[in-house]
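Let me begin by presenting the structure, written as structure tokens, before commenting on it.
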Amino acid sequence: MRRAFATALMTAAVTVAGMSTAVAQSPHFIGEVTCTKSLTAGLSCSGKAAGLGNSPTGAFLTADSVDAEYVCVNRGGNVAPGQGTETQNVVGPTRTIQPRNGQITFTGVSLPPPDTPSAREVCPNGNWRVHLLHLTYTNVVLHIQQNGEDILTRELGTLDP
């Protein structure tokens with residue numbers, strides 16, 4: 001009788017362990033991923049994902065390119081056209097999130113704006129100030145990773161709201 005009970009208990013334990021593995025094999029987003037763009041903070045996205053199990057999860061953004069358009073302002077407040085810059089193959093910082101019940105809610109997953117060039121690089125006169133006017137993020141992808149591998153991605157396209 002004890003042996004039958006122990007066997008049943010082991011079978012139940014293995015079944016429960018297998019169930020948590022099965023949950024981790026069907027990652028998916030819940031609802032929409034929302035993104036906002038700011039000239040000072042860059043691109044920031046938030047959302048929710050499930051089916052991740054309980055392993056630490058990383059979330060980050062990539063983009064094929066970030067185009068930044070600058071204007072130059074002289075001491076009198078006059079604006080002169082600046083030059084654009086383009087940064088290729090951009091990868092944002094990874095936010096590590098511990099899932100709860102196989103789910104994560106992420107905020108602030110971001111791609112920062114490129115570094116502002118000096119006035120000597122983009123303005124007619126090196127004494128002018130450089131102001132960022134516009135940002136375009138091309139082919140943005142949200143990555144959700146566990147153990148260094150993508151388990152879920154969402155293509156967000158070109159973000160130029």
Side-chain angles (χ1 to χ4, degrees), residues 13-73 79-123 128-161:
V14 169
T15 301
V16 168
M19 286 172 47
S20 65
T21 303
V23 170
Q25 293 178 357
S26 61
H28 58 280
F29 288 103
I30 297 174
E32 294 298 317
V33 173
T34 58
C35 298
T36 57
K37 187 176 77 168
S38 158
L39 294 179
T40 55
L43 183 67
S44 181
C45 297
S46 60
K48 188 171 185 176
L52 305 174
N54 293 318
S55 297
T57 303
F60 64 95
L61 295 171
T62 61
D64 285 351
S65 66
V66 178
D67 295 314
E69 181 182 346
Y70 298 94
V71 293
C72 301
V73 180
V79 176
Q83 298 177 353
T85 64
E86 184 176 313
T87 307
Q88 298 289 321
N89 301 318
V90 181
V91 178
T94 300
R95 292 189 50 101
T96 302
I97 307 161
Q98 183 63 46
R100 296 186 72 181
N101 298 321
Q103 296 184 5
I104 61 169
T105 299
F106 54 90
T107 59
V109 176
S110 64
L111 280 176
D115 293 334
T116 301
S118 71
R120 285 186 168 79
E121 294 174 295
V122 295
C123 297
W128 294 26
R129 293 181 319 238
V130 178
H131 289 282
L132 179 58
L133 185 64
H134 190 264
L135 289 170
T136 301
Y137 293 86
T138 305
N139 295 327
V140 177
V141 177
L142 169 62
H143 300 262
I144 305 295
Q145 288 190 340
Q146 288 182 332
N147 299 318
E149 292 189 30
D150 282 351
I151 60 168
L152 187 60
T153 59
R154 170 75 52 96
E155 293 184 15
L156 302 170
T158 296
L159 298 176
D160 189 16

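Positions are given from 1 along the sequence. What you are looking at is a predicted structure, and each value in this text was computed from that prediction instead of being measured.
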One should read off an interatomic distance between His143 NE2 and Ile151 CD1, to the nearest 0.5 angstrom, of 13.0 Å
d(Thr94 OG1, Gln145 CD) to nearest 0.5 Å is 6.5 Å
Correct closest heavy-atom pair for Leu111 and Leu61 would be CD2-O, 3.5 Å
Taking every heavy atom of Ser65 against every heavy atom of Gln88, the minimum-distance pair comes out as CB-NE2, 3.9 Å
Tested for side chain to side chain contact (heavy atoms under 4.5 Å, CB included) against Tyr137, the lone hit among Leu43, Asp67, Val90 is Leu43
Just wondering, more than 12 heavy atoms not from Gln98 lying within 6.0 Å of its CD? yes
Min side-chain heavy-atom separation Val141-Leu156 under 4.5 Å
no
State, yes or no, whether a side-chain contact exists between Leu135 and Lys37 at a heavy-atom distance under 4.5 Å.
yes
Has Glu32 got more than 12 heavy atoms of other residues, nucleotides or ligands less than 6.0 Å from its CD? no
| field | Donor-acceptor side-chain pairing of Ser44 and Ser110 below 3.5 angstrom | value | no
Interatomic distance, CG@Asp64 vs CG@Asn89, rounded to 0.5 Å, equals 6.5 Å
### Task
Would you check if Leu142 and Phe106 make a side-chain contact, meaning some heavy-atom pair closer than 4.5 Å?
yes
Notebook entry, point to check: Between the side chains of Asp160 and His134, does any donor sit under 3.5 Å from an acceptor?
Noted result: yes
Closest heavy-atom pair, Pro99 versus Pro56, reported as atoms and distance to 0.1 Å, is CD-CA, 4.2 Å
Rounded to the nearest 0.5 angstrom, the CD-OG1 distance for Gln103 and Thr57 is 11.5 Å
Here the pair of heavy atoms bringing Tyr70 nearest to Asp115 is OH-O, 3.5 Å
